[in-house]
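Following: one structure in structure tokens, then a few remarks.
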Amino acid sequence: MKTTRRYWLMKSEPSVFSIHDLARARDQVTSWDGVRNYQARNYMRAMEVGDGVLFYHSNADPPAVAGLAEVVRKAYADHTAFDPKDKHYDPKSTPDQPIWDMVEIRFVRAFKRPVPLDTLRKVPGLKGMELLRKGSRLSVQPVRAGEWKLILKLAE
DNA sequence: GCCAACGTTGGC
DNA sequence: GCCAACGTTGGC
């Protein structure tokens with residue numbers, strides 16, 4: 001039995017990895033490694049193949065929802081945590097007892113007109129978005145179906 | 001570059 | 001279990 005499709009927002013700094021990098025990636029797929037926050041990890045564990053992803057550019061000018069992606073592989077162990085040379089190495093996570101997970105997402109499209117953060121703030125229907133909460137830093141967060149629809153409309 | 005908000009760590 | 005110190009995030 002298939003449950004309804006769910007929606008998420010994932011942040012990335014475009015100077016590190018942008019929606020355009022995703023479009024150019026092999027098979028237009030990337031693994032979302034390096035997440036080292038429990039709440040964000042738990043949201044990734046809740047993702048199902050086919051779920052929608054808003055690809056958000058943080059630390060950008062302007063910060064904006066830049067396009068769409070979709071989940072193509074469910075959460076599995078993030079091996080970058082095992083590598084002492086990796087930026088996101090975490091000795092608490094081992095292949096036997098992994099702590100951190102990643103998912104894989106595939107490019108869907110880049111918005112011709114990315115939807116900037118300050119535009120999102122002006123939309124009454126988006127008042128409850130996690131992204132807009134003061135002090136919110138979650139890099140992976142759920143998005144309501146209504147919010148997803150509104151943002152797609154704003155991107156047209 | 002600044003700094004507020006947040007999560008984590010570690011001393012006690 | 002408390003909380004100060006620290007490192008990070010991310011808008012501005």
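In what follows, chains carry the letters A, B, and so on, assigned in the order in which the sequence lines appear, proteins first and then strands, with residues in each chain numbered from 1. On a predicted model such as this, the values are computed, not experimentally measured, just so you know.
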Taking [atom1] from [X] and [atom2] from [N], how many angstroms apart are they, rounded to a whole number?
| X | N | atom1 | atom2 | value |
| --- | --- | --- | --- | --- |
| L131(A) | dG11(C) | CG | C1' | 11 Å |
| E130(A) | dG11(C) | CD | C1' | 15 Å |
| W100(A) | dT8(B) | CH2 | P | 7 Å |
| Q39(A) | dT9(C) | CD | C1' | 14 Å |
| H57(A) | dG11(C) | NE2 | P | 12 Å |
| R36(A) | dG7(C) | CZ | P | 19 Å |
| L132(A) | dG11(C) | CG | P | 11 Å |
| R41(A) | dT8(B) | CZ | P | 10 Å |

Within less than 4.0 Å of OP1 or OP2 of [N], is there a side-chain N or O belonging to [X]?
| X | N | value |
| --- | --- | --- |
| K134(A) | dA5(B) | yes |
| Y56(A) | dT9(C) | no |
| R133(A) | dC6(B) | yes |
| K92(A) | dT9(B) | yes |

Quiz item: Taking only residues two or more places apart in sequence or in another chain, which ones pass side-chain contact (heavy atoms from CB on, under 4.5 Å) with V123(A)?
Solution: L126(A), L150(A), L154(A)
Quiz item: So, do Y76(A) and W100(A) have ring centers that fall under 6.0 Å from each other?
Solution: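 Centroid distance Y76(A)-W100(A): not below 6.0 Å, so no.
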Quiz item: How do G135(A) and N59(A) order along DNA chain B: which one's closest nucleotide is nearer the 5' end?
Solution: N59(A)
Quiz item: At what angle, to 10 degrees, do the two end axes of the helix from dG1(B)-dC12(C) to dC12(B)-dG1(C) meet, given five pairs define each axis?
Solution: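 Overall, the helix from dG1(B)-dC12(C) to dC12(B)-dG1(C) bends by 10° from one end axis to the other.
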Quiz item: Is it true that the side chains of T80(A) and D78(A) contain a donor and an acceptor less than 3.5 Å apart?
Solution: yes
Quiz prompt | Pair T119(A)-R113(A), side-chain donor/acceptor within less than 3.5 Å | solution = no
[X] side chain: which of [options] is closest?
| X | options | answer |
| --- | --- | --- |
| R137(A) | dG10(C), dC12(C), dA5(B) | dA5(B) |
| S58(A) | dT8(B), dG11(C), dG7(C) | dG11(C) |
| R121(A) | dG11(C), dT8(C), dG10(C) | dG11(C) |

Quiz item: Any donor and acceptor pair, going by atom type alone, linking the side chain of S18(A) with main-chain N or O of H20(A) inside 3.5 Å?
Solution: yes
Quiz item: Shortest non-hydrogen contact from Y56(A) to P63(A)?
Solution: OH-CB, 3.3 Å
Quiz item: Picking from R41(A), R45(A), R36(A), what satisfies salt bridge (Lys or Arg N to Asp or Glu O under 4.0 Å) with D101(A)?
Solution: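 Looking at R41(A), R45(A), R36(A), the match for D101(A) under the salt bridge (Lys or Arg N to Asp or Glu O under 4.0 Å) is R45(A).
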